[in-house]
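Labels below follow one simple rule: chain letters A, B, ... track the order of the sequence lines, proteins then strands, and each chain is numbered from 1.
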Amino acid sequence: MRIGYPCINRRIGCTPNSTFRLANYSPQRLVETIRGNLECLQRTLAFNAEHGVLFFRIGSSLVPFASHPVCDYDWADHFRSEFSRIGRFAGDHGMRLSMHPDQFVLINALDPDIIARSAAELVYHAQVLDLMELDRAARVQIHIGGAYGDRPAALDRFCENYQRLSEPVRRRLAIENDERLFGLSDCLTVHRRTGVPIVFDRFHHECLNAGESVREALRLAAATWQAEDGPLMVDYSTQAAGQRAGRHSEHLDPEAFEAFLAEAVEVDPDVMLEIKDKEASAIEAVAVLKALEA
DNA sequence: AGGTGTCAAGCGTCC
DNA sequence: GGACGCTTGACACCT
């Protein structure tokens, strides 16, 4: 089992998510920003390797405006060797990488323009992982999308539009159960029709489920991953005590996490901690895991 | 230097 | 039908 955290390390004094305003776009600005982001990503992964943190989600703004029409510069070619080096570092350390486009990516939208922009954004995400020369275990996770007043139709549309995505995107894609519209059972339906594997979000499952226990849900989600796709990916977070519903906790609760590990041990997933203090909780979680294994 | 309104993109909810 | 929350970070402009 690998433990990870998303997008940024709060301790090392750099961010791999630097961006700029669209109005300030220039090829020079783009190149400077990507260079800084890649350098910071490399530093982040080095930090993670030293701390036994072997799972990391790369933020979507690694290459700002990558799928926007304004971006006509061949950044992929410009930074080819840097991407490759980062990917090799990850591979050498047994790391797994993932990405998670944000809520604007909706491949089941009604508006063809939204679908087209979403597809372009997915091409960019898959391209980052391809440039790093990572195997199929490195995934791009999205939600099924909106309901548009007719959930069954929206789910059908996801499956139809999935088939129209390019092969490089399809081989990276995974879907995640959300907290309000499409739960694990919906994801399983989509999986049966498309083969896309399911990222299990434990917190979302608490909010929306069909009565499956966490243990059962883990087993069902794990079965959607082929050997070459790597182990099941899990997003782990907990409700911040006393805060608005949906807000993530500030710190890891080691006892709750240990209880979760007891349920997860059979399927042995890779676990992404969506907790606000990022690497601090991940390091603590690695310690909890090691204590259990000892 | 520090504070704060705003940022490519959309859905769902609430009024 | 319009404003806001989502979840969050970072920019960029303001004082």
Handout entry: Sugar-phosphate, base or nothing in reach of A/T15, heavy atoms under 4.0 Å
Key = sugar-phosphate
Completion exercise
Per-nucleotide protein contact along nucleotides 7-15 of chain B, 5' to 3', at a 4.0 Å heavy-atom cut-off (B base, S sugar-phosphate only, - neither), is BBBBSS---
Problem - salt_bridge(A/D277, A/R10) N-O dist < 4.0 Å - result: no
Completion exercise
Sequence neighbours excluded, the answer for side-chain contact (heavy atoms from CB on, under 4.5 Å) partners of A/D113 is A/D111, A/R117
Handout entry: Spacing of the P atoms in B/dT4 and C/dT7 (rounded, Å)
Key = 24 Å
Problem - Closest-nucleotide 5' rank along DNA chain C - winner of A/N24 and A/R10 - result: A/R10
Handout entry: Distance in angstrom units between A/K278 NZ and C/dT7 P, rounded
Key = 13 Å
Handout entry: Presence of A/S18 side-chain N/O under 4.0 Å of C/dC11 phosphate oxygens OP1/OP2
Key = yes
Problem - Parallel, tilted or perpendicular, as decided by the 30° and 60° cut-offs, for the rings of A/W75 and A/F83 - result: tilted
Practice task
For A/C14, check disulfide bond (SG atoms under 2.5 Å apart) against everything at least two apart and list the hits.
Solution key: A/C40
Completion exercise
Students should find that the hydrophobic cluster of A/L106, defined by side-chain heavy atoms under 4.5 Å apart, otherwise consists of A/L110, A/I114, A/Y148
Handout entry: Rounded distance (Å) that lies between atom P of C/dA12 and atom OH of A/Y25
Key = 15 Å
Handout entry: Student check: side-chain heavy atoms of A/K276 and A/H251 closer than 4.5 Å
Key = no
Exercise for the section: Report the residues that fulfil salt bridge (Lys or Arg N to Asp or Glu O under 4.0 Å) with A/E274, sequence neighbours left out, ordered by chain and then residue number. Expected result: A/R57
Practice task
Grab the CD-C1' distance between A/E179 and C/dG5 for me, whole Å please.
Solution key: 12 Å
Completion exercise
Those stems involving DNA chain B that have three or more consecutive Watson-Crick or G-U pairs, both distances under 3.5 Å, are B:1-7 with C:9-15, B:10-15 with C:1-6
Handout entry: Sidechain N-carboxylate O distance under 4.0 Å for A/R35, A/E82
Key = no
Practice task
For nucleotides C/dA3 and B/dT6, find the distance between their P atoms and express it as a whole number of Å.
Solution key: 13 Å
Completion exercise
Atom CD of A/E176 and atom C1' of C/dT7 are separated, to the nearest Å, by 13 Å
Practice task
Pick the P atom in C/dG9 and in B/dG10, then give their distance to the nearest Å.
Solution key: 23 Å
Practice task
State, yes or no, whether a side-chain contact exists between A/L41 and A/I86 at a heavy-atom distance under 4.5 Å.
Solution key: yes
Exercise for the section: With heavy atoms under 4.0 Å as the rule, sort A/E274 into base, sugar-phosphate or nothing. Expected result: nothing
